[in-house]
Amino acid sequence: MSNVGQPCSSFVIKVPATSANIGPGFDVVGLSLSLHLTLTVTCVPTDGSHGNLPILEYTGEGSDEVPLDPYKNLTTRVALYVLRCHGIQKFPTALSTPSSDGITRNAQLKIAVDNEIPFGRGLGSSGAAVIAGVLLGNELGNLNLSTSRMLDFALMVERHPDNVTAALVGGFVGSYLRELDATATEAASVPLSEVLPEYPPDAGEDWGLHPPQPPIGIGHYVQFGWSESIRAVAIIPRFELSTASARQVLPQSYSRKDLVFNLQRLAVLTTALAATPPDPELIYEAMKDRVHQPYRKELIPGLPDVTSNITPETHPRLLGICLSGAGPTILALATGGFEAIAEDARAIFRTKGIEVDWKVLHVVPGSSVQRS
Ligand SMILES: Nc1ncnc2c1ncn2[C@@H]1O[C@H](COP(=O)(O)OP(=O)(O)O)[C@@H](O)[C@H]1O
Ligand SMILES: N[C@@H](CCOP(=O)(O)O)C(=O)O
């Protein structure tokens with residue numbers, strides 16, 4: 001068992017929001033968008049009050065509800081999982097290092113988080129937190145993990161690849177999970193409570209020296225083209241819907257008719273969104289879905305009204321409209337007329353008693369780590 005100490009070094013991790021599915025691509029496609037989760041990791045003089053644990057500070061979306069205990073916070077728990085898989089059992093402590101005046105002082109890690117991604121709205125907040133955790137573990141442990149290996153770790157936690165892949169690599173991305181052999185399937189289906197135990201063990205309890213290692217090469221992806229002219233209008237209802245509960249309403253099996261409906265549209269959509277100029281007639285129809293949206297409408301009053309009443313006929317520069325991720329956010333892809341699209345969606349939601357906020361977003365690169 002080892003615990004890493006390291007000289008003070010600062011770095012910034014930036015992870016984008018994502019919109020998964022884009023209509024027919026349930027659990028397959030994702031888009032990285034211009035809202036970010038940012039972690040600024042520094043060393044600060046210690047006053048001893050946090051023991052050897054990193055100090056976690058948080059501003060922005062979710063700051064009133066996110067746990068600041070590193071053993072409970074999703075990002076730091078993921079980082080610890082990555083570290084433990086590499087034989088590092090505890091959060092690194094910053095070593096005492098001599099400063100310019102020659103005096104050696106104790107220092108500890110401070111992780112200042114600033115979050116622009118609203119929780120539970122279908123904009124990939126949990127996927128971003130998981131990717132931030134994998135990147136944090138990789139940096140703190142000096143692990144030099146490849147992108148593919150980092151994706152493996154993320155997929156042990158967030159088991160659908162669409163958000164995490166787009167958050168990690170950026171752009172408009174399609175992904176699949178490799179069919180695993182029996183041993184690897186078993187390794188990948190370990191309960192999350194074992195991958196991410198919430199608390200440190202009581203003294204003497206087995207901390208689990210051998211946490212479940214991800215099989216190698218779980219996720220595979222391709223980045224599609226994306227027309228520069230397209231913006232994403234996110235119409236964000238002021239209520240949270242957890243992805244877990246929005247997955248529970250989905251059926252276990254589908255008719256061949258509905259599967260073919262989605263496959264036909266997805267095949268067209270992945271190329272149509274790269275064309276310049278993008279063709280609204282093709283895209284509007286290609287963003288329809290029969291696999292998840294019809295089942296989620298009970299959870300999101302107004303969903304069918306918004307998607308069927310806001311069309312390229314009523315809003316000329318609209319390309320297509322869908323549920324963002326598991327919802328409740330609606331994503332409209334458009335080349336202009338953003339305000340009219342959003343305000344008309346707002347008026348429809350209001351008839352159902354739902355207030356919304358909206359933002360015009362663009363597609364951004366994937367996650368980055370900047371060292372200083
Ligand atoms: N930056 C973050 N730090 C810690 N936990 C987070 C963060 N972002 C999201 N989460 C956790 O993920 C939950 C939301 O996940 P989920 O239901 O999948 O919705 P979303 O569509 O936003 O990903 C939050 O309630 C919170 O518990
Ligand atoms: N394919 C998943 C995507 C969930 O995305 P999120 O942003 O809502 O977490 C699903 O539709 O369940």
Side-chain angles (χ1 to χ4, degrees), residues 18-31 121-124 127 155 158-166 172-180 189 219-222 224 232 234-235 237 241-275 278-314 318-333 345 348-349 352:
T18 49
S19 180
N21 306 329
I22 320 295
F26 175 74
D27 278 3
V28 178
V29 297
L31 195 58
R121 307 297 168 84
L123 288 167
L155 289 170
E158 185 101 338
R159 296 196 167 166
H160 46 91
D162 41 5
N163 297 105
V164 286
T165 312
F172 180 33
V173 183
S175 50
Y176 65 83
L177 300 180
R178 182 167 65 85
E179 271 197 284
L180 302 171
S189 36
H220 296 262
Y221 63 88
V222 64
F224 305 118
I235 300 142
L241 172 59
S242 82
T243 304
S245 43
R247 290 178 81 82
Q248 264 165 17
V249 298
L250 304 181
Q252 288 299 327
S253 56
Y254 293 91
S255 68
R256 179 161 76 183
K257 196 161 154 251
D258 286 350
L259 275 187
V260 170
F261 180 96
N262 271 45
L263 288 172
Q264 288 174 336
R265 279 156 186 76
L266 184 59
V268 171
L269 187 66
T270 54
T271 301
L273 290 172
D279 176 353
E281 249 184 70
L282 197 61
I283 294 171
Y284 184 78
E285 183 58 36
M287 281 177 63
K288 290 186 179 168
D289 159 73
R290 286 193 185 164
V291 165
H292 66 111
Q293 292 183 188
Y295 305 96
R296 289 173 162 168
K297 67 179 185 219
E298 309 306 330
L299 303 172
I300 306 157
L303 168 63
D305 308 84
V306 173
T307 51
S308 58
N309 287 312
I310 296 184
T311 68
E313 284 73 47
T314 60
L318 175 79
L319 298 169
I321 189 159
C322 64
L323 191 63
S324 179
T329 294
I330 301 282
L331 197 80
L333 299 182
I348 296 171
F349 270 121
K352 308 286 175 189

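In this structure, the side chain of S175 engages the main chain of V28 through a donor-acceptor pair within 3.5 Å. A distance-only check finds a donor-acceptor pair linking the side chain of H292 to the backbone of G23 [under 3.5 Å]. Proximity of a side-chain donor or acceptor of S19 to a complementary backbone N or O of L31 within less than 3.5 Å is not detected. Under a 3.5 Å cut-off, the side chain of T307 and the backbone N or O of P304 do form a donor-acceptor pair.
Among all heavy-atom pairs drawn from V173 and F224, the shortest one is C-CE1, 3.8 Å. Considering all non-hydrogen atoms of both residues, Y284 and P312 come closest at CD1-CD, 3.4 Å. Taking each heavy atom of Y295 and L250 in turn, the nearest pair found is CB-CD2, 3.9 Å. Nearest heavy atoms, K297 versus L303: CA-CD2, 3.9 Å. Contact detail for I300 and A326: the closest heavy-atom pair is CD1-O, 4.2 Å. When every heavy atom of L318 is checked against every heavy atom of P280, the shortest pair comes out as O-CB, 3.5 Å.
Here the CD1 atom belonging to I22 is positioned 5.5 Å from the CG atom belonging to L331, to the nearest 0.5 angstrom. Here the CD1 atom belonging to I330 is positioned 9.0 Å from the OG atom belonging to S324, to the nearest 0.5 angstrom. In this structure, CD1 on I235 lies 6.0 Å from CD1 on I310, to the nearest 0.5 angstrom. Within the model, atoms CE of M287 and CG of L266 stand 11.5 Å from one another, a figure rounded to the nearest 0.5 Å.
Within the 4.5 Å cutoff, no side-chain heavy atoms of L323 are placed close to those of N21. L269 is not listed as a side-chain neighbour of V29, based on a closest heavy-atom distance of 4.5 Å or more. For the pair H160 and L177, the minimum side-chain heavy-atom distance is 4.5 Å or more. Counting only heavy atoms from C-beta outward, the side chains of T18 and D162 never approach each other to under 4.5 Å. The shortest side-chain heavy-atom distance between D305 and K352 falls under the 4.5 Å cut-off. Residues R247 and D27 have side chains in contact (heavy-atom distance under 4.5 Å, counting atoms from C-beta outward). The shortest side-chain heavy-atom distance between N309 and T314 does not fall under the 4.5 Å cut-off. At least one side-chain heavy atom of T329 sits less than 4.5 Å from a side-chain heavy atom of P237.
Judged as a salt bridge (Lys or Arg N to Asp or Glu O under 4.0 Å), and not counting sequence neighbours, R121 has no contacts. Take N262 and apply the side-chain contact (heavy atoms from CB on, under 4.5 Å) test, not counting sequence neighbours, and it matches P24, D289, R290, V291.
By the 30° and 60° cut-offs, the orientation of the rings of Y176 relative to H220 is parallel.
Applying the salt bridge (Lys or Arg N to Asp or Glu O under 4.0 Å) test to every pair with at least one member in residues 264-273, sequence neighbours left out, gives these pairs: R265-E285.
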